Protein chains: 2
Amino acid sequence: MSNKRKPWINWILFLGSLVIVFLLGLLISSISERKMEAKFAYTPMTEINDLEPRNEVWGENFPREFQSYYKTADTTFRSKYNGNAVIDMLEVDPRLVVLWAGYGFSKDYTQGRGHYYAIEDLQNSLRTGAPTGDHDGPMPATCWTCKSPDVPRVMNEDGVEEFYKGKWSRLGPEIVNPIGCADCHDSKTMNLKITRPALIEAFERQGKDINKASHNEMRSLVCAQCHVEYYFDKKIPGKEKTPYLTFPWDKGQTVEDMEEYYDSIQHVDWVHKLSKAPMLKAQHPGYEVHQMGIHGKRGVSCADCHMPYKTEGGQKFTDHHIQSPLNNVANSCQVCHREEEKELIANVFSNQDKIIENRDKLEELLVQAHVEAKQCWDLGATEEQMKDILQDIRHGQWRWDYAAASHGGSFHAPVELGRVISTGIDVTQEARIKLSRLLIKLGFEGEVPYPDIETKEKAQKFIGLPMEKLKADKERFKKELLPKWEEEAKKREAAYN
Amino acid sequence: MSNKRKPWINWILFLGSLVIVFLLGLLISSISERKMEAKFAYTPMTEINDLEPRNEVWGENFPREFQSYYKTADTTFRSKYNGNAVIDMLEVDPRLVVLWAGYGFSKDYTQGRGHYYAIEDLQNSLRTGAPTGDHDGPMPATCWTCKSPDVPRVMNEDGVEEFYKGKWSRLGPEIVNPIGCADCHDSKTMNLKITRPALIEAFERQGKDINKASHNEMRSLVCAQCHVEYYFDKKIPGKEKTPYLTFPWDKGQTVEDMEEYYDSIQHVDWVHKLSKAPMLKAQHPGYEVHQMGIHGKRGVSCADCHMPYKTEGGQKFTDHHIQSPLNNVANSCQVCHREEEKELIANVFSNQDKIIENRDKLEELLVQAHVEAKQCWDLGATEEQMKDILQDIRHGQWRWDYAAASHGGSFHAPVELGRVISTGIDVTQEARIKLSRLLIKLGFEGEVPYPDIETKEKAQKFIGLPMEKLKADKERFKKELLPKWEEEAKKREAAYN
């Protein structure tokens with residue numbers, strides 16, 4: 001073993017050290033730069049007022065979140081259907097018109113667009129009618145609850161119960177900013193925050209404190225403020241006649257739990273125009289259904305897939321472009337699932353197709369049941385003869401709607417939705433067995449013909465909707481009242497600054 | 001920098017090297033030992049004849065595989081039901097008796113036990129009746145096809161078509177070894193091997209060559225020799241009257257594909273004793289349903305979960321204790337899924353419960369449909385009046401049976417089974433709508449009462465089965481003919497050695 005080194009070895013060591021030190025310097029410089037960038041990104045430029053409703057104002061401090069939020073204005077993902085246009089669900093599936101006969105959705109139902117359109121789409125919908133002032137129109141003020149960060153502001157100013165009172169038109173000039181920052185964030189800490197009382201109250205009635213929810217749970221609960229099943233309760237003692245927004249969760253969140261709840265309080269959303277059945281309209285029990293699926297059970301939050309983390313300029317942030325994860329498989333699904341995007345999407349579509357096949361069948365059976373029930377009434381059936389049948393129709397359509405309205409449910413919990421639809425087919429067919437007996441008893445031979453509802457127009461004519469008048473009235477509203485609301489709002493907001 | 005080392009440093013280096021070299025020696029010794037063990041484990045002790053049917057003979061060369069196979073004799077996993085006893089499915093669910101009225105399964109249907117019991121359970125079942133010689137009894141020879149490694153032996157000796165001819169009793173003395181080694185392995189190479197012609201022929205009719213299957217595919221295909229939907233075709237040109245075992249896969253493997261196939265050839269497994277419907281008996285489309293689920297789609301083979309790899313004495317081998325993965329979660333599920341065993345099992349049970357709920361409902365509806373159809377016949381209905389109804393009952397029960405008989409299907413492909421059951425409920429209720437109209441037409445008022453079938457005994461009495469006679473006959477068979485079969489087999493096998 002030699003203890004002497006050749007001098008050139010020392011030189012190599014020396015020069016090598018220089019190179020390493022230089023590279024380390026570069027690395028540190030890069031890290032510092034990124035840290036600076038991060039600091040810059042979160043340096044508040046503007047003081048944000050408590051309950052500030054304007055998303056643009058928050059956007060000055062949080063450009064990345066705001067700019068990604070703003071992408072919810074983009075509807076090009078629909079190009080596979082009919083370009084950038086709105087998808088008219090009643091045109092796609094005119095049977096919906098019959099299922100909702102006597103209810104606003106039969107007039108107009110377009111596929112939901114991004115949060116950015118929350119106000120615009122509600123103002124333009126035939127469902128909200130054509131108010132002429134602050135006291136008329138078909139919808140209550142409660143309908144605004146999920147649409148805007150102006151809601152917590154007005155609730156704070158007027159009180160919750162006061163907010164729910166009166167007509168939708170009453171709050172027209174107040175509710176103008178589409179769903180955004182203040183709906184889910186505290187303006188001081190930026191922490192996630194529940195701003196809608198219905199969710200807090202539902203937790204309270206179950207003896208749970210929503211303030212104890214973990215951050216991960218909050219990443220779903222802020223969505224659960226709106227993407228849930230709810231109804232307008234007009235029977236709350238002391239608050240009678242106020243359509244108080246309430247979640248029917250007291251007995252649980254399955255389709256049977258909520259049905260039992262509604263039945264026990266004899267809640268009726270509307271009486272069906274053809275069958276006279278006491279109907280329930282499922283809203284959108286997306287959160288409830290998600291919790292029953294494997295992603296929910298594994299603790300995957302809504303935001304994990306619909307608002308996954310993203311990196312831009314060295315800055316990691318939550319992508320506020322809320323959208324279908326199928327438009328963003330790399331950042332959502334593929335974080336956990338090591339499969340080709342094509343394969344993952346095919347798996348989702350496969351489950352959806354299997355659910356939708358029978359949901360469509362149930363829809364057809366419900367149309368038949370409504371029409372057969374109408375035939376019975378026309379032949380002089382009595383309330384007593386119809387009672388059981390109408391209850392079956394109520395339960396059958398509730399199951400269909402729970403499955404149809406829980407957007408994404410065929411992905412979130414396909415086995416549960418398959419179960420729900422099976423029970424819906426069963427009970428609707430039970431109604432039709434009873435109807436077939438009653439029809440014969442009333443002197444009717446053979447099958448009640450399936451109505452000609454091939455198009456939206458034909459279906460709306462079949463249920464007797466005066467579409468021309470509804471559209472003309474809406475145009476008048478948009479020309480006369482709506483501009484006044486917008487003007488009033490502009491003045492009010494100008495005073496903030 | 002000093003170029004001189006202190007002498008004790010050299011000593012430490014020297015002693016350290018000694019320790020490392022010693023440890024390396026230990027490691028090499030351990031590896032060699034394990035390699036020796038492996039070599040020893042696979043040194044053939046016995047020459048195995050081609051198509052050797054006796055599992056014990058194979059077991060001399062492959063003790064680990066044989067000993068683990070032998071564990072299929074263990075039925076203690078049933079202790080949660082009724083100890084070690086056989087589970088009588090007709091007692092658990094007497095409605096099955098009515099669904100299978102006129103078919104062997106209404107006499108006797110016990111839950112399947114391990115492969116080890118394949119012969120014993122078939123001999124003892126009331127379904128195989130009480131032959132007195134080689135030419136009588138209710139079942140054809142074809143019924144042996146899946147039960148024993150004697151089958152490939154006899155098929156090789158007599159020819160496939162010849163094997164399928166005559167009565168089940170004809171082959172009693174020949175088929176004596178339970179499902180085992182030669183059913184799936186080549187005796188020379190130990191490679192996986194398809195020994196049953198029906199699977200090879202089904203592939204051929206689809207223009208596929210089963211010899212091109214990968215090893216991974218073979219780990220499912222050897223199971224697919226038996227765990228599939230099949231029927232006995234008596235209409236093959238040139239082979240008329242021979243119940244030729246055939247897979248109904250020519251149009252595909254979904255419930256609709258196979259139904260279409262059966263309808264197109266007007267295949268009828270039996271005519272229902274009550275409703276006179278032309279019934280289909282689903283066998284056990286386990287493989288088909290597995291392929292439609294996510295595990296099948298991801299290329300997980302049957303063996304991956306039901307026969308996972310195992311290590312014993314340094315030797316990795318395939319666990320031949322074929323069983324539910326739920327009894328072996330650590331070696332099956334947890335190889336991929338990082339979840340607690342309890343949680344994984346809860347997830348499986350949750351899906352199973354959701355499927356079984358509606359499967360049970362469908363079962364009840366089918367009982368009603370059969371009973372209502374019988375009422376129509378009793379009231380003088382015509383063939384013409386009943387035709388459509390009976391076809392609906394056929395389709396409804398086929399769907400129920402496809403879901404019920406595809407053992408494990410509620411785990412393998414719950415979304416598909418949910419879909420199948422929904423369509424089954426729909427078509428069965430359609431039958432009941434038609435029945436309710438026809439009943440009134442035939443002068444029947446109200447609902448046909450649900451039969452009193454609370455126990456297996458009551459149900460069997462309801463459908464008119466002479467149970468005492470069947471049992472007495474079976475005892476006579478077991479006392480008189482069965483011992484002769486066993487004696488004859490012993491003599492034959494003694495001649496092998």
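Each chain gets a letter, A, B and so on, in the order the sequences are listed, and its residues count up from 1. Since the model is a prediction, treat every value here as computed from it, not as a measurement.
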key: side chain to side chain contact (heavy atoms under 4.5 Å, CB included) assessment of A:E430 paired with B:L365   = CA-CA 10 Å; A:E430 281 298 328; B:L365 298 174; 3.8 Å; yes
inquiry  = Surrounding CZ of A:F14 (heavy atoms of other residues, nucleotides or ligands, distance under 6.0 Å), is the total greater than 12?
reply    =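 Atom CZ in A:F14 is not packed in, count stays at 12 or less.
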ask   = Within a reach of under 6.0 Å around NZ of A:K374, are more than 12 heavy atoms found that belong to other residues, nucleotides or ligands?
value =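 Check fails, neighbour count at 12 or below.
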Nearest 0.5 Å please: distance from the [atom1] atom of [X] over to the [atom2] atom of [Y].
X: A:I425; Y: B:I425; atom1: CD1; atom2: CD1; result: 7.0 Å
X: A:E364; Y: B:D426; atom1: CD; atom2: CG; result: 8.0 Å
X: B:R432; Y: A:R432; atom1: CZ; atom2: CZ; result: 12.5 Å
X: A:L362; Y: B:S422; atom1: CG; atom2: OG; result: 8.5 Å

Chain B contact via [X] - side chain, backbone, both or neither, heavy atoms under 4.5 Å:
X: A:I355; answer: side chain
X: A:I421; answer: both
X: A:L439; answer: neither
X: A:S350; answer: side chain
X: A:E339; answer: side chain
X: A:K361; answer: side chain
X: A:E343; answer: side chain

task = Begin with the C-alpha distance, continue with both residues' side-chain angles, and end with the deciding distance and a verdict on side chain to side chain contact (heavy atoms under 4.5 Å, CB included) for B:D353 and A:R419.
result = CA-CA 10 Å; B:D353 287 348; A:R419 186 190 74 78; over 6 Å; no
inquiry  = If we define contacts as heavy-atom pairs under 4.5 Å, which of B:V420, B:T428, B:V415 has the most with chain A?
reply    =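 With the most close heavy-atom pairs to chain A, the winner is B:V415.
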Shortest non-hydrogen contact from B:I433 toward A:S436 =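 That closest heavy-atom pairing would be O-OG, 3.9 Å.
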task = Could you go through the side chain to side chain contact (heavy atoms under 4.5 Å, CB included) check for A:Q429 and B:V427 one step at a time?
result = CA-CA 10 Å; A:Q429 292 283 53; B:V427 71; over 6 Å; no
ask   = Between A:L417, A:N351, A:I294, which shows the greatest number of heavy-atom pairs under 4.5 Å with chain B?
value =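 The residue among A:L417, A:N351, A:I294 with the greatest pair count is A:N351.
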query = Taking side chain as C-beta onward, heavy atoms only, is B:R298 less than 4.5 Å from A:N347?
reply =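 SC-SC contact between B:R298 and A:N347 confirmed.
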